[in-house]
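Following: one structure in structure tokens, then a few remarks.
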Amino acid sequence: MQRAVDILNTYYGYEHFRPGQQELIDGILEGQDVLGVMPTGGGKSLCYQIPALLLDGTALIVSPLISLMKDQVDTLQSLGIQAAYINSQMDQFDYQETAYLLRSGQVKLLYVAPERLGSPAFLNLLGQIHISLVAVDEAHCISQWGQDFRPSYRSIVTLREFLGDGVPFAGFTATATNRVKEDIIQQLELREPMVYSASFDRPNLYFSVVQSTNKKRELVKQLDKDQSAIIYCNTRKNVEKVCEFLVKKGFPATYYHGGLAPEERSASQEDFLYDRKPIMVATNAFGMGIDKPDVRKVVHYNMPLDMESYYQEAGRAGRDGAPSEAVLFYSSQDILTNSFLIEQGNEPHAKVRLQKMTGYCKTGSCLRRTLLQYFDEEMDGMACDHCSNCHGETETIDITVDCQKILSCVYRMGQRFGTGMVTDVLRGKDTQRIRERQLEELSTYGILSKQSDGDIKDRISLMVGEGYLVMAGDSYPILQFTQKTPELLKGETTLSMVKRKNEKRKASRNEDWKSEEYDEELFEKLRQIRLGIANEMGKPPFVVFSDRSLIDMCAKLPTDEEAFLSVHGVGENKLKTYGEPFLKAIQEHVSL
Ligand code: ADP
């Protein structure tokens with residue numbers, strides 16, 4: 001009998017299992033229910049795909065998004081795996097053909113959305129085929145405690161009775177909290193499941209926080225016209241503005257937000273997936289299940305509201321395991337806007353969550369460690385050496401005295417003004433509004449005249465984030481003291497801030513990667529070949545080969561079939577289907 005690891009080698013072209021994969025696969029093969037919790041990009045799909053290939057019959061995969069099923073099925077078919085989907089957008093002819101393939105035992109994996117389980121015609125079809133396994137992707141959608149609850153997920157459990165005992169159920173999710181885990185087990189009625197929770201660390205991601213008063217300029221520095229990136233913004237308006245700016249600068253960018261019509265959304269998503277426009281600017285509406293494995297950078301143009309959202313979105317970079325970056329831009333304005341929003345709403349935990357997020361932005365310690373600690377995971381050692389803080393891109397400066405001066409000014413102004421006015425007084429500006437109120441007579445007028453507006457606003461926002469000032473007021477946010485303010489005023493506590501040291505450092509780090517990893521000229525040639533094949537097939541380029549596979553080709557320079565098979569992500573089917581033009585290009589390159 002074929003073993004799981006043989007399938008991993010021959011179909012997928014991967015050498016080793018990642019942590020947890022073997023355990024979950026073995027559990028399913030032994031007929032056990034399982035629950036796999038792994039971060040985005042951790043490799044959950046393989047955990048049900050391999051058992052599906054080893055067990056008799058068809059595995060039923062319940063997945064939330066119809067739009068993604070096609071990609072998943074395309075990817076599997078390119079590996080030589082018999083996969084299909086059934087959804088509401090299919091015409092009668094395609095449905096009948098798929099039903100025929102299913103009845104005649106020619107489908108190993110069938111993808112459906114949970115809504116389908118309510119269709120009597122579909123259940124009738126299920127009754128005629130042998131189901132080997134039910135895998136539930138994005139299983140947290142079944143829990144009301146998770147962020148993406150979908151009532152239709154609750155119908156999955158009716159399959160238990162319908163299919164009878166003996167069919168293992170497997171749930172997979174990237175949501176880590178214990179409460180959601182327990183709820184999934186209960187709602188899916190998993191029977192003494194084998195649970196595997198993988199580490200949330202993503203070693204191939206470089207984390208950085210960039211404090212910037214000119215985000216557009218910073219964004220241009222960060223992006224590369226040939227590399228796929230996602231830029232998350234906080235509002236629809238910002239999404240459109242940033243995208244327009246990038247397009248003007250010549251970047252192949254598109255955008256996505258909840259205000260677009262469904263056709264516009266899918267056109268934009270396709271442009272991104274097919275690399276026609278590899279840069280996507282979006283709100284957080286864009287994301288769940290986005291499977292593009294070669295996203296090299298995720299930039300948060302605005303600070304998100306909490307760490308869970310941040311890590312989930314940032315995790316969409318580098319799913320293929322190649323070096324990638326998660327960059328967070330933050331400015332004082334973000335903290336102020338978010339604080340004001342939260343002050344207005346009445347979500348009890350929102351404030352604490354925002355404080356954690358602000359803490360991440362301003363910490364001087366290892367960013368990876370801070371993230372993992374948030375998810376209750378301890379990292380080996382104190383620092384990762386692979387984030388902007390560990391890399392010495394930042395320095396920590398003490399701002400206690402500046403903050404005391406600001407607080408004193410807020411106090412003398414009667415706690416009746418907003419950030420802009422307080423900043424103007426501290427800088428000693430000569431404006432009509434100041435003269436009208438005789439604020440130039442205050443002892444704090446002009447005491448921070450040497451600092452920029454941005455510097456002062458950064459300090460104010462930090463104090464708001466840390467709870468030393470609060471944004472009060474009904475229609476206009478004014479700065480007021482809190483119970484904690486005296487601690488800082490009296491110097492019982494100190495405040496520090498992280499500043500970017502120099503900008504050249506980052507570029508040199510990228511250079512390191514490039515020289516160490518691959519020959520760029522060959523990489524570019526191979527990319528073009530891949531694009532040509534993908535266009536001809538009408539499929540996204542990553543279905544042919546991932547970036548990681550191309551990089552590995554450039555490093556290993558295989559000139560015959562056997563060597564080509566040792567490339568990451570090259571299995572027998574891919575060698576047979578796509579190998580030739582790539583091998584030829586490498587042979588030519590080597591003989592030059
Ligand atoms: P997710 O957990 O987000 O569903 P995927 O299953 O999509 O992650 O896997 C992410 C990427 O990692 C895919 O390109 C997949 O082929 C690759 N991958 C999965 N398992 C392995 C492995 N054992 N070795 C190398 N790459 C792997």
Side-chain angles (χ1 to χ4, degrees), residues 3-26 34-53 59 61-65 68-69 71-81 83 109 111 135-141 148 170-176 196-205 228 230 273 287-296 298 311-324 540-552 566-571 573-574:
R3 288 177 318 143
V5 68
D6 298 331
I7 303 237
L8 185 75
N9 301 151
T10 49
Y11 280 88
Y12 295 88
Y14 300 145
E15 236 172 295
H16 308 289
F17 280 116
R18 290 196 182 143
Q21 287 181 325
Q22 178 91 60
E23 290 87 332
L24 288 160
I25 291 171
D26 287 348
V34 304
L35 175 63
V37 185
M38 291 180 177
T40 313
K44 291 183 278 298
S45 328
L46 240 70
C47 301
Y48 56 79
Q49 290 167 357
I50 291 184
L53 291 172
I61 320 300
V62 185
S63 167
L65 296 178
L68 293 168
M69 284 176 195
D71 287 334
Q72 281 160 333
V73 169
D74 278 348
T75 305
L76 285 169
Q77 287 178 347
S78 83
L79 299 173
I81 295 172
L109 289 109
Y111 284 79
V136 182
D137 208 4
E138 313 282 1
H140 61 280
C141 292
D148 309 302
F172 295 93
T173 176
T175 295
Y196 186 93
S197 297
S199 162
F200 267 61
D201 189 18
R202 296 279 310 278
N204 65 318
L205 292 192
S228 196
I230 305 176
L273 284 175
M288 186 166 66
I290 289 303
D291 257 344
K292 195 170 194 293
D294 59 351
V295 175
R296 295 278 74 90
V298 170
Y311 204 53
Q312 204 165 22
E313 287 155 13
R316 291 177 187 136
R319 290 167 74 111
D320 55 7
S324 306
F542 61 77
V543 168
V544 180
F545 284 121
S546 69
D547 276 8
R548 174 108 188 255
S549 298
L550 297 192
I551 291 172
D552 209 29
S566 75
V567 169
H568 180 92
V570 178
N573 197 63
K574 286 217 174 175

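Both counts, for ligands and for their atoms, begin at 1 and track the order of listing. Note that these values count all heavy atoms, side chains included, but never hydrogens, waters or copies made by symmetry.
- Using a 4.0 Å cut-off to heavy atoms of His16, the atoms of ligand 1 that qualify are 22 (C), 23 (N), 24 (N).
- The backbone N or O of Ala317 lies less than 3.5 Å from no partner atom in the side chain of Ser324, so there is not a single donor-acceptor pair.
- Separation of atoms CG (Asn573) and CD (Gln77) is listed at 10.5 Å; rounding is to 0.5 Å.
- Of the N and O atoms on the side chains of Tyr11 and Gln49, not one donor lies less than 3.5 Å from an acceptor on the other residue.
- When heavy-atom distances to ligand 1 are checked against a 4.0 Å cut-off, Ala174 has no atom that comes that close, whether in backbone or side chain.
- For atom 8 (O) of ligand 1, the closest non-hydrogen atom on the protein side is Gly43 N, 3.2 Å.
- Among protein heavy atoms, atom 11 (C) of ligand 1 sits closest to Arg319 O, 3.1 Å.
- Taking the six-membered ring for Trp and thresholds of 30 and 60 degrees, Tyr111 and Tyr48 have ring planes more than 60 degrees apart, a perpendicular arrangement.
- One finds no salt bridge joining Asp320 and Lys292 here, because no Lys/Arg side-chain nitrogen approaches an Asp/Glu carboxylate oxygen to under 4.0 Å.
- In the vicinity of Pro39, heavy-atom distances shorter than 4.0 Å reach the ligand 1 atoms 2 (O).
- The closest protein non-hydrogen atom to atom 20 (N) of ligand 1 is Gln21 NE2, 2.9 Å.
- Taking OH from Tyr196 and CD1 from Ile25, the interatomic distance works out to 12.0 Å, rounded to the nearest 0.5 Å.
- Ligand 1 lies nowhere less than 4.0 angstrom from a heavy atom belonging to Glu15.
- For the pair Gly321 and ligand 1, no heavy-atom separation below 4.0 Å is found.
- Checked by atom type, the side-chain pair Ser549/Ser546 shows a donor-acceptor distance below 3.5 Å.
- Heavy-atom separations between Cys47 and ligand 1 are all 4.0 Å or longer.
- Of all heavy-atom pairs spanning Glu15 and Asn9, the tightest one is O-ND2, 3.5 Å.
- Of the protein's non-hydrogen atoms, the one nearest atom 6 (O) of ligand 1 is Ser45 OG, 2.6 Å.
- When only interatomic distances are considered, the shortest N/O to N/O separation between Asp320 and ligand 1 does not fall below 3.5 Å.
- The single protein non-hydrogen atom nearest to atom 15 (C) of ligand 1 is Tyr14 OH, 3.6 Å, given as residue, atom name and distance.
- Annotation for ligand 1: atoms under 4.0 Å from non-hydrogen atoms of Phe17 are 23 (N).
- Between Met38 and ligand 1 there is no heavy-atom distance shorter than 4.0 Å.
- Atom CG of residue Leu46 and atom CG of residue Leu53 lie 9.5 Å apart, to the nearest 0.5 angstrom.
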